[in-house]
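Beneath this line is the structure, given in structure tokens, with notes to follow.
So you know, we letter chains A, B, ... as the sequences are listed, proteins then strands, and number each from 1. The figures that follow rest on heavy atoms only: side chains count, while hydrogens, waters and symmetry mates do not.
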There are 2 protein chains.
Amino acid sequence: MKTTIADIAREAGVSKATVSRVLNESLDGVGIETRLRVKGIMEERRYEPCGIARGLATGKTRSVGLIVPDIADPFFPLLIRGIEAALGSHGYGLFLCDAHLDPKKEREHLRMLAEKRVDGVILNSTLSDSDGPWDTLDQRAIPYVLLDRMVEAPASAYGVFADNRLGARMATELLLTRGRRLAFINGPAGLSISKLRKQGVEEALGAHGLTWEAVRMANGDYSMESGERALETLWEPGALGFDAVFAANDRMAIGAMRALQRRGLLVPDDVEVVGFDDIETARLVEPPLTTVAQPAFEMGRQAAQMLLDLISGNPPSQQTIVLEPTLVIRKTTRQT
Amino acid sequence: MKTTIADIAREAGVSKATVSRVLNESLDGVGIETRLRVKGIMEERRYEPCGIARGLATGKTRSVGLIVPDIADPFFPLLIRGIEAALGSHGYGLFLCDAHLDPKKEREHLRMLAEKRVDGVILNSTLSDSDGPWDTLDQRAIPYVLLDRMVEAPASAYGVFADNRLGARMATELLLTRGRRLAFINGPAGLSISKLRKQGVEEALGAHGLTWEAVRMANGDYSMESGERALETLWEPGALGFDAVFAANDRMAIGAMRALQRRGLLVPDDVEVVGFDDIETARLVEPPLTTVAQPAFEMGRQAAQMLLDLISGNPPSQQTIVLEPTLVIRKTTRQT
DNA sequence: CTGTTAGCGCATTCAG
DNA sequence: CTGAATGCGCTAACAG
């Protein structure tokens, strides 16, 4: 039998209430000497408070959920690190849920988290589904913050994002200043993150007096394979339709590079390539990939901090935090 | 206020016990028609059982913890997928804990998990610490299964591992059949996983009538940078001390390749390289890395299944499951 | 087949 | 400053 506050109370010759009080440091309605005595006994007995019982009594479980679309995406490790950094030693636990690109699974996970009575969830949603996940959350009044993907949630939703429009614009500008003809491999069409990136590309186009007619576009699902396929799709036998590729993430960019190289094209000499994310592999491929870096760690940290604020009842100062991406120029683009 | 079984009971005109019974399908001591009525009400009211209360009442939380040494290691996504696959829709939640290579942090996580009263934990421990983590677990009688790293736990501990000895032996054999002089970049010396791999190398050496005198050895910490450093260490100015490198994981192998290439050496022409793990990046670097593949998904799945068995009181048939690695030959070794 | 009665371990009034 | 009582939401005997 694990020792409970009742055991401690008995041995210390005090009531359970008193033990409970020293457990929750904050309320200091306890005499210094009884407090010390109780603490001593706790030590000896190696007492460990029961989170479950506390949860039931207080309504707070000190655990949060994280939903990611695809744990295999190398973008997440840093994100998770950031989240853990913010959750820190506050004693919070993090439930990891991999939706595996399946909205149905995502909803199951959400149900599970709700049953577990998590204090909040960080939602890096798989899809901007019409019957979205947030109402599952809103209905149960459980706080959540959107991360990375700006789904079409209620205007009241909190979120942390990278400036995807700006990132896409920077990448496109880089390519267009060399007078390149662009191929754009975007993410799934449904994602608002994709729309934003498309806008960014459009802005850069406009700045150069160009329109969409000048660019070839395809959609991938962020996997390397989809990047390869997208490139094949865009390809026109005979005519070289483009000589610059901007992909919505590094994995697709790498896929595109592979497809290019298979066809005997040289990167960056024949075709320049720019990715998005700056995953670890980006600097390991040959040639090293020029890409738009997202501040993944910081995004995770801020999102978790925001959630913590939400949970503790201090509404965050801003409803939306937008972090700036940075251009990391390596070898898949030519030096000017 | 969330609806509780009391609400359902009142509305259905039955007792809480009855509602509880239909909630726990198994015990079917409920008339078919009352059961249906109660279920109906639950639907309408969108009732959602409170995991916390159940946990307190049953002593089971339906959540488990996973401790990993370094979430950034690309080896984990698949492992996690495997775990989630086994945990499946049993309603289990998975607490992810990244020890970040810090045993102290690992212990904090363990304490947190204990407080949260997880039903069990999967332990991919950072270090084979003398004052190891398992006693934290054993003391509290919480079931755990060791994963991947065969720490020096009590003989009674359960675990799932890859056959590291065999894997190392296969890699070394591959290199030695070409008469190569070997450099071996092992993992941290303290890990028993490192000792096993060393044994594997030794076996291969023996089979070729060689001893350790013929090989140069260094230890890394599984990061790419440490692979680069290890290679520098092994290097002897002037004399080419070796022409084959076996690294204990792919990241270090890739680091070694980079160091080699920086020195103008050709892989595999001048030096052959073999890694371990078969992470996604392995096939993306140039040249694609020959490596020993671990069945990560399967390891995760089996470990979780084992833990589930342990939790439900059916002691697994085997105490230790050893999975076979496979050699994936790509381009950093020469075709025979 | 169903209701009653006790807890599970702790927090939180309200008294004293 | 401290204790006694009550309840969080559900399960688990034990009766009927």
Side-chain angles (χ1 to χ4, degrees), chain A residues 1-39 41-42 45-63 91 114-119 140-142, chain B residues 1-39 41-42 45-63 91 114-119 140-142:
Chain A
M1 216 53 221
K2 292 212 62 142
T3 82
T4 72
I5 53 169
D7 303 326
I8 306 289
R10 187 165 357 92
E11 183 160 355
V14 298
S15 74
K16 295 195 303 178
T18 300
V19 178
S20 177
R21 286 191 184 97
V22 347
L23 206 54
N24 301 273
E25 300 280 2
S26 52
L27 346 186
D28 47 13
V30 181
I32 180 67
E33 71 172 20
T34 31
R35 156 156 317 197
L36 253 37
R37 181 156 39 91
V38 171
K39 272 193 172 173
I41 312 232
M42 283 179 172
R45 296 298 191 112
R46 296 183 165 290
Y47 167 71
E48 196 154 60
C50 174
I52 299 299
R54 296 179 109 172
L56 188 56
T58 61
K60 251 86 185 71
T61 55
R62 285 182 163 274
S63 60
E115 283 208 12
K116 296 255 182 304
R117 297 295 192 265
V118 293
D119 292 339
R140 317 182 199 214
I142 124 165
Chain B
M1 217 51 223
K2 291 212 62 143
T3 82
T4 73
I5 54 170
D7 303 326
I8 307 289
R10 186 164 358 92
E11 184 161 354
V14 299
S15 73
K16 294 195 304 177
T18 300
V19 179
S20 176
R21 287 192 184 95
V22 346
L23 208 51
N24 301 273
E25 299 279 3
S26 51
L27 348 185
D28 46 15
V30 181
I32 179 67
E33 71 172 22
T34 29
R35 155 155 318 198
L36 254 38
R37 182 155 40 92
V38 172
K39 273 194 171 172
I41 313 231
M42 282 180 172
R45 295 299 191 111
R46 296 180 165 291
Y47 168 72
E48 196 153 60
C50 174
I52 299 300
R54 294 178 113 171
L56 188 56
T58 61
K60 251 87 185 70
T61 54
R62 285 181 164 274
S63 59
E115 282 208 13
K116 296 254 182 304
R117 297 295 192 267
V118 293
D119 292 339
R140 318 181 198 214
I142 123 166

- Query: Just wondering, do A:Y47 and A:L23 contact through their side chains at under 4.5 Å, heavy atoms?
  - Reply: yes
- Query: Which residue, B:T58 or B:I32, contacts DNA chain C at a nucleotide closer to its 5' end, judged by nearest heavy atom?
  - Reply: B:I32
- Message: Could you walk me through whether B:R45 and B:E11 satisfy the salt bridge (Lys or Arg N to Asp or Glu O under 4.0 Å) test, starting with their C-alpha distance in whole Å, then the side-chain angles of each, then the deciding distance to 0.1 Å, before giving a yes or no?
- Response: CA-CA 10 Å; B:R45 295 299 191 111; B:E11 184 161 354; 2.5 Å; yes
- Message: How close do B:D119 and B:T61 get, counting heavy atoms only, and between which atoms?
- Response: OD1-N, 2.9 Å
- Message: So which atom in A:V14 and which in A:R37 form the shortest heavy-atom distance, rounded to 0.1 Å?
- Response: CG1-NH1, 4.2 Å
- Would you say the side-chain atoms of A:K60 pair up with the backbone N or O of A:R54, donor to acceptor, closer than 3.5 Å? no
- Protein-nucleotide distance (A:I52, atom CD1; C:dG9, atom P), rounded to Å: 12 Å
- Note on the structure: In whole angstroms, the gap separating P of D:dC8 from NZ of A:K60 amounts to 17 Å
- Task: Mind calculating the distance between CE (A:M42) and P (C:dC10) to the nearest angstrom?
- Result: 9 Å
- Task: Taking all heavy atoms of A:A114 and all of B:E48, pick out the closest pair and write down the distance.
- Result: CB-OE1, 3.4 Å
- Taking all non-hydrogen atoms of both residues, which atom of A:R117 and which atom of B:P49 are closest, and how far apart? NH1-O, 3.5 Å
- Message: Please confirm whether the shortest side-chain N or O distance from A:R54 to OP1 or OP2 of C:dC10 is below 4.0 Å.
- Response: no
- For A:S20, which contact category applies under a 4.0 Å heavy-atom criterion: base, sugar-phosphate, or nothing? base
- Query: Picking from D:dT11, C:dC10, D:dG9, which would you name as closest to the side chain of B:A53?
  - Reply: D:dG9
- Note on the structure: note: B:I5, atom CD1; D:dG7, atom C1'; distance rounded to Å ~ 14 Å
- Side-chain donor/acceptor contact of B:R117 with base of C:dG9 under 3.5 Å: no
- Task: Ignoring backbone atoms, test whether A:Y47 places a side-chain nitrogen or oxygen under 4.0 Å from the OP1 or OP2 oxygen of C:dG9.
- Result: no
- Message: If you take any heavy atom closer than 4.0 Å to DNA chain D, which residues from residues 8-17 of chain B end up in contact?
- Response: B:K16, B:A17
- What pair of heavy atoms forms the shortest contact from A:I52 to B:L56, and how long is it? CG2-N, 3.5 Å
- So which nucleotide from C:dT2, D:dT11, C:dC14 ends up closest to the side chain of B:T34? C:dT2
- For the pair A:T18 and A:R21, evaluate side-chain contact (heavy atoms from CB on, under 4.5 Å) and give the outcome as yes or no after the intermediate values. CA-CA 5 Å; A:T18 300; A:R21 286 191 184 97; 4.1 Å; yes
- Check B:V19 against B:M42 and note the closest heavy-atom contact, atom names and distance. CG1-CE, 3.6 Å
- Atom CZ of A:R62 and atom P of C:dA11: how far apart are they, to the nearest Å? 11 Å
- Does the side chain of A:T18 get closer than 4.0 angstrom to OP1 or OP2 of D:dG3 through an N or O atom? yes
- Using rotation axes that map the C1' atoms of four end pairs onto the next four (five pairs an end), what angle separates the end axes of the helix from C:dC1-D:dG16 to C:dG16-D:dC1, to 10°? 40°
- Give the rounded distance in Å between these two atoms: CG of B:D7 and P of D:dG9. 9 Å
- Quick note, B:R21 side chain, CB onward, closest among D:dC14, C:dA11, D:dC10 is D:dC14
